[in-house]
There are 2 protein chains.
Amino acid sequence: MRSGRGARSGRVPDAAVRRLPVYLRVLEDLRQREIDIVSSAELARRTGFSSEQIRKDLTYFGAFGTRGVGYRTETLSIQLREILGLDREVPAALVGAGNLGTALARYNILRHRDVRIVGIFDNDPQKVGTSIEGVPILATDDLEKVVPEQGIRMAVITVPAEAAQEMASRLVQVGVEAILNFSPTQLRVPPGVYVQNIDLSIELRSLAYYVSAGRRQEDMGSTRG
Amino acid sequence: MRSGRGARSGRVPDAAVRRLPVYLRVLEDLRQREIDIVSSAELARRTGFSSEQIRKDLTYFGAFGTRGVGYRTETLSIQLREILGLDREVPAALVGAGNLGTALARYNILRHRDVRIVGIFDNDPQKVGTSIEGVPILATDDLEKVVPEQGIRMAVITVPAEAAQEMASRLVQVGVEAILNFSPTQLRVPPGVYVQNIDLSIELRSLAYYVSAGRRQEDMGSTRG
DNA sequence: AATTGTGAAACACTTCACAGCC
DNA sequence: GGCTGTGAAGTGTTTCACAATT
């Protein structure tokens, strides 16, 4: 499942915001390969979105390209970083250091310097005091101290469903405004707090629809593609 | 990032299909607690979607409720399983047994009996021959044999970006029709194959927009909520 | 000649409002 | 009276088509 909710400025489609990091990923890759200019058509090829959509998405924030030429990869990636708020390091909390949480922490800490997991919280006394890639695992009791101290505004929740609501409430209490929720439960948060849900079971189950839909269509003798 | 693509029957909104497993999760929970009847309003409360949306989503597939009463949790959950193709066990492959793949495999194997990871593939010789929760890790070379043998039609890809396209192509070659892609790359697949992308870096980065958007609005003196 | 930026049209999805049924 | 099912209205998003610019 996936659904966002919370304060929205109104003008910029949510769907567009969610595509920006995809453009950024491609732009960074191009930059690294010293490709200075890219067209919306080329970005389309590399992202899977249409070139019109890419151009329109970008114009919600300004005019970044040069007609007849394209976009400078350096300029555009800097602009996108700024729009996303990634022009400075964004500290984040991870709550739940199970398999999934650990995988996320490793992945994030090693790869990126923009959104940075600076606090990992878990209730398991066996885990508290250990660390993941140099970031110490703290007791959840420390959350109220560490989150404000580190200026943390976003959090990733990977605790079991039963514990998720309490953690969310406590995080919001101390200033968290955006939550990436991997627990299979609907979090209740005050207005103004943005929640993005990713439930892996639900992803797998909805995928099943498309394989069985394929089967059904075959049974009916229709063609696909 | 998230985007589906591939064969669609046309009539049923993608967005609706993606909500069905959420309804199913709640229905299963209610059933377990021996609650026999539920209204769309109550489902709305528990899922975060509106009651009208829930009713409309369900009517794409038929009329499952009783006016003035509600929906029988047992009947509806059985119907939803059938619609999703979960009325029989759905075998799936997992390609990539790194941190994320291992977390997913554990989670899935322990919790669910509907979509079932029956084959785990990895190239690391240190991992091949070991197992995760009883499911053996095989060499990717075995993929062409095992996928058809086990009737696998869906796969989860958690390999690095460089290897993802090759794995996807090989999976499709031997009959995979739906892919859950965690690698940060755009997979090229033939028409009729459904790809759902989840890129965790991109989720974190788009989340950053909402915390910094909040900051920007505050700076402008507007209220939120 | 090429490619962006953008109103307008088309399409998709959600919400409204109420008829229909228990 | 209460709740589902559903056309119609409303909103959001994507695509079209072309003028503007280099």
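First the proteins, then the strands, lettered A, B, ... as listed; each starts at 1. No hydrogens, no waters, no symmetry mates; every other heavy atom, side chains included, goes into these values.
Partners of Glu28(A) according to the salt bridge (Lys or Arg N to Asp or Glu O under 4.0 Å) rule, which considers only residues two or more places apart in sequence or in another chain, are Arg81(A), Arg205(B). Residues forming a salt bridge (Lys or Arg N to Asp or Glu O under 4.0 Å) with Asp29(A) (at least two apart in sequence, or on another chain): Arg33(A). For the salt bridge (Lys or Arg N to Asp or Glu O under 4.0 Å) test, no residue two or more places apart in sequence or in another chain qualifies with Arg113(B). In terms of the salt bridge (Lys or Arg N to Asp or Glu O under 4.0 Å) criterion, residue partners of Arg45(B) (sequence neighbours excluded) are, by chain and number, Glu42(B). Taking Thr140(A) as the reference, Asn123(A) meet the side-chain hydrogen bond (donor to acceptor under 3.5 Å, both in side chains) condition, with sequence neighbours excluded.
Looking only at distances, a side-chain donor or acceptor of Thr73(B) sits under 3.5 Å from a matching main-chain atom of Ile35(B).
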Polar-atom pairs under 3.5 Å, protein N or O versus N or O of nucleotides 8-10 of chain C: list them with distances, or write none.
residue	atom	partner	partner atom	Å
dA8(C)	N6	Lys56(A)	NZ	3.3

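Ile198(A) is listed as a side-chain neighbour of Ile198(B), based on a closest heavy-atom distance under 4.5 Å. A heavy-atom distance below 4.5 Å is found between the side chains of Val95(A) and Leu171(A). Counting heavy atoms from C-beta on, the side chains of Phe64(B) and Ile83(B) come closer than 4.5 Å. Put simply, the side chain of Ile202(A) does not reach to within 4.5 Å of the side chain of Leu24(B), judged on heavy atoms. Side chains of Ile152(A) and Val118(A) form a contact here, defined as non-hydrogen atoms less than 4.5 Å apart. At a threshold of 4.5 Å between non-hydrogen side-chain atoms, the residues Tyr107(A) and Ser201(B) count as touching.
Here the C1' atom of nucleotide dT15(C) and the CD1 atom of Ile54(B) are 13 Å apart, to the nearest Å. Rounded to an integer number of Å, the gap from Arg19(B) CZ to dT14(C) P is 4 Å. Regarding Gln53(A), its CD atom lies at a distance of 15 Å from the P atom of dG5(C), rounded to whole Å. Regarding Arg72(B), its CZ atom lies at a distance of 16 Å from the P atom of dC22(C), rounded to whole Å. As a whole-Å value, the separation of Tyr60(A) OH from dT6(C) C1' is 10 Å.
Listed in residue order, the members of residues 61-71 of chain B having a heavy atom less than 4.0 Å from DNA chain C are Thr66(B), Arg67(B). Contacts with DNA chain D (heavy atom under 4.0 Å) in residues 26-41 of chain A: none are found.
Counting only residues at least two apart or in different chains, salt bridge (Lys or Arg N to Asp or Glu O under 4.0 Å) contacts with residues 157-173 of chain B comprise Glu144(B)-Arg170(B), Glu166(B)-Arg170(B). Within the structure, salt bridge (Lys or Arg N to Asp or Glu O under 4.0 Å) contacts touching residues 54-69 of chain A (residues at least two apart or in different chains) are Arg19(A)-Asp57(A).
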Requested in this report: Could you give me the CA-CA distance, side-chain angles and deciding distance for Asp199(B) and Arg25(A), then say whether salt bridge (Lys or Arg N to Asp or Glu O under 4.0 Å) is met?
Outcome: CA-CA 11 Å; Asp199(B) 184 326; Arg25(A) 182 187 73 203; 3.0 Å; yes
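Counting 5' to 3', DNA chain D first comes under 4.0 angstrom of a heavy atom of chain A and last does so at the ends given by dT13(D) to dT22(D).
With 3.5 Å as the limit, one finds no donor-acceptor pair spanning the side chains of Asp14(B) and Tyr209(A).
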Query raised in the report: For DNA chain C, what dot-bracket results from Watson-Crick or G-U pairs at under 3.5 Å, with [ ] for crossers and | for inter-strand partners?
Result: ||||||||||||||||||||||
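Mapping Arg55(A) and Ala16(A) onto DNA chain D by nearest heavy atom places Ala16(A) at the nucleotide closer to the 5' end.
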